[in-house]
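Okay, so here's the structure we're looking at.
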Amino acid sequence: MGYVLSVVSQKGGVGKTTTAVNLAAAFAKRGMKTLIIDVDPQGSVRYGVGLRRGHPTVGFADYLNGARPLRDVILPTALPWLRVMLAGTVTDEVDHVRYHQLVSDTRVLPDLLETSKQRCEVVVVDSPPGLGPVTRRVLEGSDHVIVPLQCEPLALQTTPQILRAIQDIVQANEKLTLDGLLLTMHERNNPASERVVDYVRRHIPANLVFDVTIPRTTATADAFAAGQPVVLRTPADPAALAYTQLASVLVRRFE
Ligand SMILES: Nc1ncnc2c1ncn2[C@@H]1O[C@H](COP(=O)(O)OP(=O)(O)OP(=O)(O)O)[C@@H](O)[C@H]1O
Ligand SMILES: [Mg+2]
């Protein structure tokens, strides 16, 4: 039986997808049978995970609405131990409304997570921004959760609120562990960025913040643009090394 690790955040653009994709690749590189599931209708995992050219684009939404069986929506990637379930077909407004309704009104998502962890060592879930019904369903089926926090000035105002909201959800689910806040896009020598790190380290209990921080690097953004996780494309890049180290920390916690 494996573990479901979800990446969630109230805020958008904080590095959720980058974190999900790189952790999944780092687990798979260690030889762990890994599945990454994208439940964000924006479907960004598709662009960052390293799929073969001309791959199908079906995914979770097509399984959710009954259009495709599970075996059709689990796709191979360039890494032998990494499989991916893309977001699938959620193109227009009608699709979006139906998507959210189906996630809220059915148990398809938590049941999928339960089935997936019986077949994999780790299931990584990339979620949409916000703590809406999709994220809540994800957390219902998760064992571990990571909350990326971008090192930018607004984080000082939003962090306590984000942490409280997530802690409320975590407390309602006894099998869910909040592994911690992950400081992302950290820029050394940038005072605004350093202030966030300083604030978080001083005000949030140490067991709720990872020691590892993810630096902002050009290689990370370039890798995403090139359709590959940075841990595969530029393994010696500082952000790639940080994600690899974070994966090791998590593996120790899974044991
Ligand atoms: N460590 C990093 N260094 C440089 N760029 C980064 C880093 N992490 C993320 N980015 C860039 O920041 C942008 C937002 O990252 P990402 O898409 O992972 O955030 P997100 O939280 O998933 O966003 P959304 O809420 O829209 O789903 C992307 O362009 C990504 O390439
Ligand atoms: Mg995303």
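All ligand and atom numbering here is 1-based and tracks the order in the structure. As a basis for the values below, the full set of heavy atoms in this structure was taken, side chains included, without hydrogen atoms, waters or symmetry mates.
The shortest separation from a heavy atom of Gly13 to ligand 1 is under 4.0 Å, placing the residue in contact. Distances shorter than 4.0 angstrom occur between a heavy atom of Asp40 and an atom of ligand 1.
Distances from atom 7 (C) of ligand 1 to the protein include at least one heavy-atom value under 4.0 Å. Distance screen at 4.0 Å: atom 28 (C) of ligand 1 has no protein heavy-atom neighbour inside the cut-off.
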Are Lys16 and Asp40 close enough, and set up right, to give a salt bridge (Lys or Arg N to Asp or Glu O under 4.0 Å), and what steps lead you there?
-> CA-CA 11 Å; Lys16 286 182 296 300; Asp40 179 357; over 6 Å; no
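For residue Ser127, no N/O/S atom approaches the Mg ion (ligand 2) to within less than 2.8 Å.
Within the set Gly43, Gly15, Ala221, Pro215, the minimum heavy-atom distance to atom 1 (N) of ligand 1 is found for Pro215. When Thr18, Val8, Thr213 are ranked by how near their heavy atoms come to atom 18 (O) of ligand 1, first place goes to Thr18.
Near Thr217, meaning under 4.0 Å from any of its heavy atoms, are these atoms of ligand 1: 3 (N), 4 (C). Close approach of ligand 1 to Pro129 is summarised as follows: ligand atoms under 4.0 Å from at least one heavy atom of the residue are 25 (O). For ligand 1, the atoms closer than 4.0 angstrom to any heavy atom of Val14 are 19 (O), 20 (P), 21 (O).
At a heavy-atom distance under 4.0 Å, only side-chain atoms of Ile214, from C-beta outward, approach ligand 1. Neither the backbone nor the side chain of Thr19 comes within 4.0 Å of ligand 1, counting heavy atoms alone. At a heavy-atom cutoff of 4.0 Å, ligand 1 is contacted by the side chain of Thr220 but not by its backbone.
With salt bridges taken as basic N to acidic carboxylate O contacts below 4.0 Å, none links Arg30 and Glu121.
Taken to the nearest 0.5 Å, the CG atom of Leu176 stands 9.0 Å off from the CD1 atom of Ile169.
Taking distance alone, with nitrogen or oxygen atoms compared against 3.5 Å, Ala239 stays at or beyond that limit from ligand 1.
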